[in-house]
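What follows is a short report on a single structure.
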Amino acid sequence: QVQLVESGGGVVQAGDSLRLSCAASGRTFIAYFMGWFRQAPGKEREFVGTISGSGSRISYADSVKGRFTISRDNAKNTVTLQMTSLKPEDTAVYYCAAAQTVSIPTTPSQYTYWGQGTQVTVSS
């Protein structure tokens, strides 16, 4: 069982930066890919990025590549999403999720555990 709690959301202006954090419970944190997804009103949940247990494999959605960075600290059971050059279209509820897969997981169905989400609003 893994419990995930996100923090760090807020309201920012276009071009600003924001850092989201996800704290995980459980002793097997390193066994999981940790992913970030987002969901805007009326839209499906969208893959943002993911990082493997060791941190050696990272994947991003094209829409955030070059602007967002995922990192993890296995000693603290945390994963961070650093977001820069934010755009109004980045506005969404952001979710942290955990998956145990061999291949890089990029779809919601591949993730077993989810946080409650944190709202990010980017004003123009």
Side-chain angles (χ1 to χ4, degrees):
Q1 187 81 10
V2 177
Q3 293 184 325
L4 304 173
V5 178
E6 302 97 336
S7 61
V11 180
V12 297
Q13 293 188 332
D16 285 351
S17 299
L18 198 63
R19 184 169 66 182
L20 305 182
S21 294
C22 175
S25 66
R27 293 175 291 177
T28 58
F29 179 69
I30 197 171
Y32 292 87
F33 272 90
M34 296 302 298
W36 287 95
F37 287 78
R38 65 187 182 186
Q39 189 165 19
K43 295 188 177 182
E44 293 187 352
R45 194 161 295 191
E46 174 189 26
F47 172 74
V48 173
T50 192
I51 184 169
S52 64
S54 66
S56 61
R57 289 188 288 168
I58 300 175
S59 179
Y60 297 100
D62 288 343
S63 59
V64 306
K65 203 171 292 184
R67 300 189 298 122
F68 291 11
T69 303
I70 293 177
S71 60
R72 66 189 293 161
D73 185 336
N74 289 334
K76 296 181 179 179
N77 280 17
T78 58
V79 59
T80 298
L81 180 67
Q82 179 68 49
M83 305 184 292
T84 63
S85 302
L86 282 161
K87 306 174 182 180
E89 51 263 43
D90 294 319
T91 295
V93 177
Y94 283 71
Y95 297 91
C96 171
Q100 277 189 307
T101 61
V102 175
S103 57
I104 296 177
T106 60
T107 63
S109 62
Q110 293 176 289
Y111 287 79
T112 305
Y113 302 105
W114 291 85
Q116 81 289 350
T118 185
Q119 177 71 47
V120 172
T121 302
V122 184
S123 62
S124 57

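Position 1 is the first residue of the sequence; numbering continues from there.
- In this structure the side chain of Gln110 never reaches within 4.5 angstrom of the side chain of Phe33, judged on heavy atoms.
- Heavy atoms only, all atoms of each residue included: Ser52 and Arg72 are closest at O-NH1, 2.9 Å.
- For the pair Cys96/Trp36, a side-chain contact is recorded, criterion being any heavy-atom separation below 4.5 Å from C-beta on.
- Val64 has its side chain out of reach of Met83: every pair of non-hydrogen atoms, C-beta onward, lies at least 4.5 Å apart.
- Leu20 and Phe29 fall within the same hydrophobic cluster, where Ile, Leu, Val, Met, Phe, Trp and Tyr residues are linked whenever their side-chain heavy atoms come under 4.5 Å apart, directly or through other members.
- Linking Ile, Leu, Val, Met, Phe, Trp and Tyr residues whenever their side-chain heavy atoms come within less than 4.5 Å places Leu81 and Ile51 in a single cluster.
- Note on Trp114 and Ile104: separate hydrophobic clusters, where clusters join Ile, Leu, Val, Met, Phe, Trp and Tyr whose side-chain heavy atoms are under 4.5 Å apart, directly or indirectly.
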Just distance, no hydrogens or angles: give the donor-acceptor pairs under 3.5 Å from side chains in residues 9-18, sequence neighbours left out.
{"unit_1": "Asp16", "atom_1": "OD2", "unit_2": "Gln13", "atom_2": "N", "d": "3.1"}

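- Residues Glu89 and Ser63 are not in side-chain contact: their nearest non-hydrogen atoms beyond the backbone lie 4.5 Å or more apart.
- Residues Val2 and Ala24 come closest through the heavy atom pair CG1-CB, 4.3 Å.
- Between Lys65 and Asp62, at least one side-chain N (NZ, or NE/NH1/NH2) sits under 4.0 Å from a carboxylate O, which counts as a salt bridge.
- With Asn74 contributing its side chain and Ser54 its backbone, the two residues share no donor-acceptor pair below 3.5 Å.
- To the nearest 0.5 Å, atom CE of residue Met34 and atom OG1 of residue Thr80 are 10.5 Å apart.
- Side-chain atoms of Ser85 do not come within 3.5 Å of backbone N or O of Arg67 as any donor-acceptor pair.
- Thr28 places none of its side-chain heavy atoms less than 4.5 Å from the side chain of Gln100.
- A heavy-atom distance below 4.5 Å is not found between the side chains of Ser21 and Thr78.
- Each disulfide (SG to SG under 2.5 Å) pair with one or both residues in residues 31-68, not counting sequence neighbours, would appear here, but there are none.
- Inter-residue side-chain proximity for Leu86 and Phe68 is flagged as met; some heavy-atom pair is nearer than 4.5 Å.
- Val5 approaches Gln116 most closely through the heavy-atom pair CA-OE1, 3.7 Å.
- Rounded to the nearest 0.5 Å, atoms OH (Tyr94) and SG (Cys22) are 15.0 Å apart.
- Pairing each heavy atom of Gly117 with each of Val93, the nearest pair is CA-CG1, 3.8 Å.
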Derivation of the ring pair (Phe, Tyr, Trp, His ring centres under 6.0 Å) call for Tyr111 and Tyr95: CA-CA 11 Å; Tyr111 287 79; Tyr95 297 91; over 10 Å; no
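- Looking only at side-chain heavy atoms (C-beta outward), Arg38 and Asp90 come within less than 4.5 Å of each other.
- The number of heavy atoms from other shown groups lying within 6.0 Å of CZ (Arg57) is above 12.
- Hydrophobic clustering, with ILVMFWY side chains joined whenever heavy atoms are under 4.5 angstrom apart, keeps Val120 apart from Phe47.
- Among all heavy-atom pairs drawn from Ile70 and Gly49, the shortest one is CD1-C, 3.1 Å.
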From CA spacing to verdict: side chain to side chain donor-acceptor pair (under 3.5 Å), Thr121, Gln119: CA-CA 6 Å; Thr121 302; Gln119 177 71 47; 3.3 Å; yes
